**Student:** 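The structure's right below; bear with me while I get my questions together.
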Amino acid sequence: MRPMTSETVRGAQGTLEIVDVVDSWTKPVPDLDPVSTTYFRAAHDGTLLIQHCPACGTRQHYPRLVCRHCAATPEWEAASGLGTVYTFTVVRQAGMPGFQDGPYVIALIDLDEGPRMMGNITDSPVDDVRIGARVQAYQLRIADGIGLPQWRLAAVSAPNA
Amino acid sequence: MTRPDRTPVIAGIGLSDGPKAPHLDALGHQAQAMQRALADSGLSKDDIDGFGCAEAWIPGVPGVDLPETAEYLGLDPRWIEGTYTGGSAYEFQVQHAEAAIRTGMADTVLLTYGSDLLTRMGRSLGTGYGRKPVGGAAYEEPYGKTTVAAYAMAAQRHMYQYGTTAEQLASVAVAVREYAAHNPQAIYRKPLTVEDVLNSRMIADPLHLYDCCAITDGGGALIVTTEERARDLRQPYVSILGTAARQNHWNISQAPDVTTTAGVRSGQEAFARAGLTPDDVDMAMLYDSFTITVVLLLESLGFCKPGEGGPFAEAGNLRPGGRLPINTDGGGLSACHPGLRGIFLLIEAVRQLRGQAGEVQVPDCEVALAAGSGGWFSTIGVTILGKGR
Ligand SMILES: [Zn+2]
């Protein structure tokens with residue numbers, strides 16, 4: 001895969017809100033591999049990257065070196081950061097370090113561009129989330145060079161905005 | 001000259017001590033289960049020339065791999081098998097053992113599983129299973145994806161799409177508990193009601209504590225050999241009528257549709273190979289990691305239409321005397337779930353087809369189906385077994 005530069009990524013970059021939690025993050029930090037480094041770096045800088053296959057048109061998440069449909073080499077594309085809740089749950093019991101501060105929402109989000117991805121829906125009461133709800137991405141800076149895409153109900157504005 | 005009959009059949013089964021057995025580790029469970037399967041079949045260890053096992057890859061549980069287990073058991077296999085697909089591993093391994101025996105790569109295959117999960121980890125596994133955030137897991141683990149949460153998301157979507165209710169899901173746990181009452185090795189044997197399930201604490205919406213499987217210790221062993229060899233052994237043999245195995249995805253966020261499973265394809269293929277339909281099945285062993293898993297498998301395998309699994313369970317069809325008795329050992333929900341449950345599905349199906357299931361015996365049981373589900377209903381192995389002739 002070609003290295004990511006502004007010319008090799010389709011779509012507008014750096015448009016998403018960034019929230020820096022580097023100093024307080026106790027949850028898992030992704031182990032980086034040659035492809036995910038680009039994805040998590042872009043998230044750190046306010047971009048949600050997906051991949052687009054120039055051969056067959058498939059868009060995919062998570063990013064990898066091959067198109068899951070036709071095995072060609074995919075290219076990077078910046079997603080709009082808008083999506084719809086495909087399904088979700090409220091996790092009320094979790095034993096992993098970093099997840100014991102009360103119930104949280106984990107969801108599968110269908111991006112407007114097509115691919116589906118996992119995320120938390122934050123900043124609203126957990127019982128307000130519904131399947132079909134519109135959601136807006138933001139980016140959490142969790143470590144040096146690593147951002148994590150996160151979501152809010154589209155109607156809920158950022159707490160500090 | 002007639003060729004010897006190499007049709008693969010199941011000739012021996014064995015279970016190790018459970019549901020809690022601090023005197024056994026993972027290897028000990030497999031050793032004890034092997035001893036019991038050999039005694040059950042009348043075969044000796046020297047007859048075993050093929051071996052398969054799998055281990056649950058769980059953080060914090062030391063690995064016991066295939067060659068180490070073969071060495072510990074003192075085996076000298078010429079065919080070895082280590083397919084790992086999560087909970088369905090043994091349905092996949094039986095498919096491979098069947099082919100090995102047909103083609104002469106092995107004459108008598110031993111499959112074993114063992115785990116001391118309860119003794120080692122306690123009950124919290126399903127809510128504390130943090131995978132290393134590498135590969136596909138790097139895009140899930142940072143969000144706090146628990147095993148229960150993955151199934152809960154499937155249940156939530158199934159409810160949204162089909163109107164499935166919490167009561168319908170609970171009725172699966174209630175039916176399975178009725179069988180567990182008769183199994184002295186079951187971890188939960190007290191009667192359970194739909195109210196009990198709904199009043200148990202919510203783990204991840206909509207799954208309550210009793211929608212989730214138990215965590216136990218346990219081990220099992222299964223011996224597959226040729227029909228020719230099995231004819232003069234100790235037990236009535238059980239025929240392998242059809243096997244199939246499919247994978248849709250691995251990580252839950254990669255599932256194309258969380259309301260269905262790879263069992264749609266592996267089910268159709270297994271039934272086609274057996275020349276049977278779901279109507280021919282007298283009892284089914286459906287992987288019950290969660291109540292929703294059973295609903296998805298009922299629909300995937302064609303026991304009912306998509307969306308009808310909940311009402312099918314609620315109508316009592318899964319209960320003793322119902323149209324489709326399931327999980328007559330008490331299932332993973334109430335009896336035995338030591339990490340990977342796949343081998344226990346096969347063992348209980350064999351007991352039913354031999355007519356040795358005691359108080360939970362399904363009358364005139366001729367055809368039994370075992371469906372293992374691995375990962376997050378990602379890998380579905382289907383084994384259709386029949387009473388030997
Ligand atoms: Zn492609």
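Model, not experiment: these values are computed from the prediction. Numbered from 1 within each chain, the chains take letters A, B, ... in sequence-line order.
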**Student:** What's the verdict on side-chain contact (heavy atoms from CB on, under 4.5 Å) for Asp257(B) and Tyr86(A), showing C-alpha distance, side-chain angles and the deciding distance?
**Tutor:** CA-CA 10 Å; Asp257(B) 178 350; Tyr86(A) 169 67; 3.5 Å; yes

**Student:** Would you check, one step at a time, whether the test side-chain contact (heavy atoms from CB on, under 4.5 Å) holds for Phe88(A) with Arg157(B)?
**Tutor:** CA-CA 8 Å; Phe88(A) 73 99; Arg157(B) 181 73 197 185; over 6 Å; no

**Student:** Go through Val126(A), Asp33(A), Asn120(A) and name the one with the most non-hydrogen pairs under 4.5 angstrom from chain B.
**Tutor:** Asn120(A)

**Student:** At a 4.5 Å cut-off on heavy atoms, which part of Ile252(B) comes close to chain A: side chain, backbone, both, or neither?
**Tutor:** both

**Student:** Please look at Ala255(B) and chain A and tell me whether the side chain, the backbone, both or neither of the residue comes under 4.5 angstrom of a heavy atom of that chain.
**Tutor:** backbone

**Student:** Checking Ser171(B) now: which residues fulfil side-chain hydrogen bond (donor to acceptor under 3.5 Å, both in side chains) with it, not counting sequence neighbours?
**Tutor:** none

**Student:** Working note: Val258(B) + Leu108(A), criterion side-chain contact (heavy atoms from CB on, under 4.5 Å); need CA distance, chi angles, decisive distance, verdict.
**Tutor:** CA-CA 10 Å; Val258(B) 299; Leu108(A) 298 179; 4.2 Å; yes

**Student:** Please tell me if the side chains of Arg131(B) and Met96(A) come closer than 4.5 Å, counting only heavy atoms from C-beta onward.
**Tutor:** no

**Student:** Write down the atom of Gln254(B), the atom of His61(A), and the distance for their closest heavy-atom approach.
**Tutor:** NE2-O, 3.1 Å

**Student:** According to the interplanar angle, ranging from 0 to 90°, do the rings of Tyr139(B) and Tyr39(A) count as parallel (below 30°), tilted (30 to 60°) or perpendicular (above 60°)?
**Tutor:** perpendicular

**Student:** If we ignore hydrogens and angles and just use 3.5 Å, is the side chain of Thr87(A) paired with the main-chain N or O of Met153(B) as donor and acceptor?
**Tutor:** yes

**Student:** For the residue pair Ala94(A) and Thr146(B), what are the closest heavy atoms and their distance?
**Tutor:** CB-CG2, 4.1 Å

**Student:** For residues 102-119 of chain A, pull every pair meeting salt bridge (charged side-chain N to carboxylate O under 4.0 Å, His left out), keeping only residues two or more places apart or in separate chains.
**Tutor:** Asp110(A)-Arg116(A), Asp112(A)-Arg134(A)

**Student:** State the CE-NZ distance between Met118(A) and Lys145(B), to the nearest 0.5 angstrom.
**Tutor:** 6.0 Å

**Student:** Glu141(B) and Phe99(A): which non-hydrogen atoms are nearest, and at how many Å?
**Tutor:** O-CZ, 3.9 Å

**Student:** Quick one: do Arg92(A) and Ile203(B) satisfy side-chain contact (heavy atoms from CB on, under 4.5 Å)? Show the steps, please.
**Tutor:** CA-CA 5 Å; Arg92(A) 300 184 190 269; Ile203(B) 307 294; over 6 Å; no

**Student:** What parts of residues 305-313 of chain B touch chain A if we use heavy atoms and a cut-off under 4.5 Å?
**Tutor:** none

**Student:** Can you tell me how far the CG atom of Asp31(A) sits from the NZ atom of Lys132(B), to the nearest 0.5 Å?
**Tutor:** 4.0 Å

**Student:** Over all heavy atoms of both residues, which pair between Pro28(A) and Pro142(B) is shortest? Give the atoms and the distance, please.
**Tutor:** O-CB, 3.6 Å

**Student:** Just checking Tyr210(B): does its OH atom have more than 12 heavy atoms from other residues, nucleotides or ligands closer to it than 6.0 angstrom?
**Tutor:** no

**Student:** Got a sec, which pairs hit salt bridge (charged side-chain N to carboxylate O under 4.0 Å, His left out) with one end in residues 258-268 of chain B, sequence neighbours left out?
**Tutor:** none

**Student:** For Pro133(B) and Val29(A), which heavy atoms make the closest approach, and how far apart are they?
**Tutor:** CG-O, 3.4 Å

**Student:** For chain B, which candidate among Val90(A), Ile106(A), Ile142(A), Ile109(A) shows the most heavy-atom pairs at distances under 4.5 Å?
**Tutor:** Val90(A)

**Student:** Any heavy-atom pair between the side chains of Tyr143(B) and Pro149(A) that's under 4.5 Å?
**Tutor:** yes

